Amino acid sequence: MSTARQFLDDKAEDILIDHAKDVDLAQAISKLFRGEKVNTSEDRAALHWALRSEAHTLSPEAKSVRDSIEPALAFAEDPDTLRQFKTVIHIGIGGSDFGPRLLYDAFSGDVENQIDLRFCANVDPHDFERAIQGADPDQTLVIGVSKSFGTEETLYNLGRAKAWLGGTQKSQIALVTANAKRARAWAGSAPVDIFEMPESVGGRFSLWSAASLGVMIALGPGRFRQILHGAYAMDQHVQTAEIGDNLPMLLALLDFWNAAVRKETMRVTLAYSNRLRLLPTYLQQLEMESNGKTVSASGDRLAHPTVPVIWGGEGSIGQHSYHQWLHQGAQSAPAEFILALDKGVHPEGQRALIAHALAQAEVLANGRSLEQVKNEEPNLSEALAAQKVHRGGQPSTFLSCTDFNAETFGSLIALYEHRTYLAGVLWGVNPFDQWGVERGKTMAQRLKSVLTGDTQAEDPVTAGLVEQLRDR
Ligand code: F6P
């Protein structure tokens, strides 16, 4: 269910729906599901939907994508896997980390197998140290997830993991990648299992793939298939619902309206669900790495802003932190509430969660005027009364689910995937590439040789910082 308090009257909504027809969002969805090359700069289709498809007829490429998860599911189900390993360490970063981490965190309270699944992403050595703390290398499976098999952080952590495991004869390393050749070269003589991550599945759209092998092991393939089924249901919805009833399309139009027309510079995601506490971080990559661009897919500079800053956190936790800013700060921040309720949990706590979510949305919208403050607290000084005013006028969307489970989780994530793609179409960008992350990586490699003193920094400020930080 969704309800919105947005600055969008009927006339504006009609104009937006007409715009959706002009841009032909329905055709954009058809192109996606026909496997057309919607990722124009890399000349690829975007087949993340195929991973969860239950269609009887698929193109050979889409069928190959769907079949790619079966070896991982079989490995997860193999009694040998569960017998040999007590700890699984997932090593990956970005789209090779956020999705599986979110998925596991959402359901780790109800795992099928007593597997201790840990995640390691950063090149900061502490991340790896933390991941192996207390683990027995003889009973640990290391899963390296990297679509390119060229990401520095992941290769660094995998190298340390390989050394930590020691030269075992049994395979204790699984590698999930689109680049099996590089993976084999890395493995050398070490026994490893390699699982395919299809080239046509974008990293930030890949949690449905073998990238989630660790989660498949911990949650069990049955639970994982329920998540796929939920996503498939959303795929059916986005392909069949009329624009006015099509949730991904409506949310994409709202994103376009708030960013391109109303020039909102941020959107705060308030996940009123402990199980979805990592969702705001996941959405940061999904939406900002997809649509954080100023040049169109055809190379033209865009005339309007695209995706705003996506930030947020867990509710009600945030009420004891940045909600002060939301209610009395100077900047506008449209909010997105996601209230995911579980059946059969302690009713008093869940009732409080609902009340807080509803209250925050209402106060963000209606505020608290000076007159209300003075009527409710007549003895306040003028100064204090003024400081108690809540500005109000903050738009919000309220998504709620009264029976949060594996299927509704899958539907929710697929909803955001389609929303992100369709918003990219409306803004005129390619949501499936990420050229903006390349320069930083290249520069970091150059600066490593500066830090060892082999070369000089070109930038004077960097040079000064290097002097302070150089290996002593
Ligand atoms: O952030 C850049 C990026 O390429 C992401 O798009 C990707 O999810 C992440 O790095 C990890 O890439 P890989 O899976 O190839 O290691």
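Note that ligands are numbered from 1 as they come in the structure, with each ligand's atoms numbered from 1 the same way. Predicted model only: the values in this text are computed from it and were never measured. Sequence positions, counted from 1, serve as the residue numbers for this chain.
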Inset, instruction - Locate the shortest heavy-atom distance separating Arg52 from Leu228; write the atom from each residue and the value. - result: CB-O, 3.5 Å

Legend entry - Sole residue of Glu70, Glu54, Glu407 in salt bridge (charged side-chain N to carboxylate O under 4.0 Å, His left out) with Arg225: Glu70

Inset, instruction - Would you verify whether the NZ or CZ of Lys162 falls within 45 degrees of the ring axis of Trp186 while also being under 6.0 Å from that six-membered ring's centre? - result: yes

Inset, instruction - Decide yes or no for Asn246 and Pro248: does some side-chain heavy atom of the first lie under 4.5 Å from some side-chain heavy atom of the second? - result: yes

Inset, instruction - Report the relative orientation of the aromatic rings in Trp311 and Trp325; use parallel for angles under 30°, tilted for 30 to 60°, perpendicular for over 60°. - result: perpendicular

Once you restrict both partners to nitrogen or oxygen, which atoms of ligand 1 have a protein partner under 3.5 Å, and how far apart are they?
{"residue": "ligand 1", "atom": "1 (O)", "partner": "Glu289", "partner atom": "OE2", "Å": "2.9"}
{"residue": "ligand 1", "atom": "6 (O)", "partner": "Glu289", "partner atom": "OE1", "Å": "2.8"}
{"residue": "ligand 1", "atom": "8 (O)", "partner": "Gly95", "partner atom": "N", "Å": "2.7"}
{"residue": "ligand 1", "atom": "8 (O)", "partner": "Gln285", "partner atom": "NE2", "Å": "3.4"}
{"residue": "ligand 1", "atom": "12 (O)", "partner": "Thr151", "partner atom": "OG1", "Å": "3.4"}
{"residue": "ligand 1", "atom": "14 (O)", "partner": "Ser96", "partner atom": "OG", "Å": "2.6"}
{"residue": "ligand 1", "atom": "14 (O)", "partner": "Lys147", "partner atom": "N", "Å": "2.8"}
{"residue": "ligand 1", "atom": "15 (O)", "partner": "Lys147", "partner atom": "N", "Å": "3.3"}
{"residue": "ligand 1", "atom": "15 (O)", "partner": "Ser148", "partner atom": "N", "Å": "2.8"}
{"residue": "ligand 1", "atom": "15 (O)", "partner": "Ser148", "partner atom": "OG", "Å": "2.7"}
{"residue": "ligand 1", "atom": "16 (O)", "partner": "Ser146", "partner atom": "OG", "Å": "2.6"}
{"residue": "ligand 1", "atom": "16 (O)", "partner": "Thr151", "partner atom": "OG1", "Å": "2.5"}

Inset, instruction - Identify the heavy atoms of Leu422 and Ala28 that sit nearest to each other, and give their distance. - result: CD2-CB, 4.3 Å

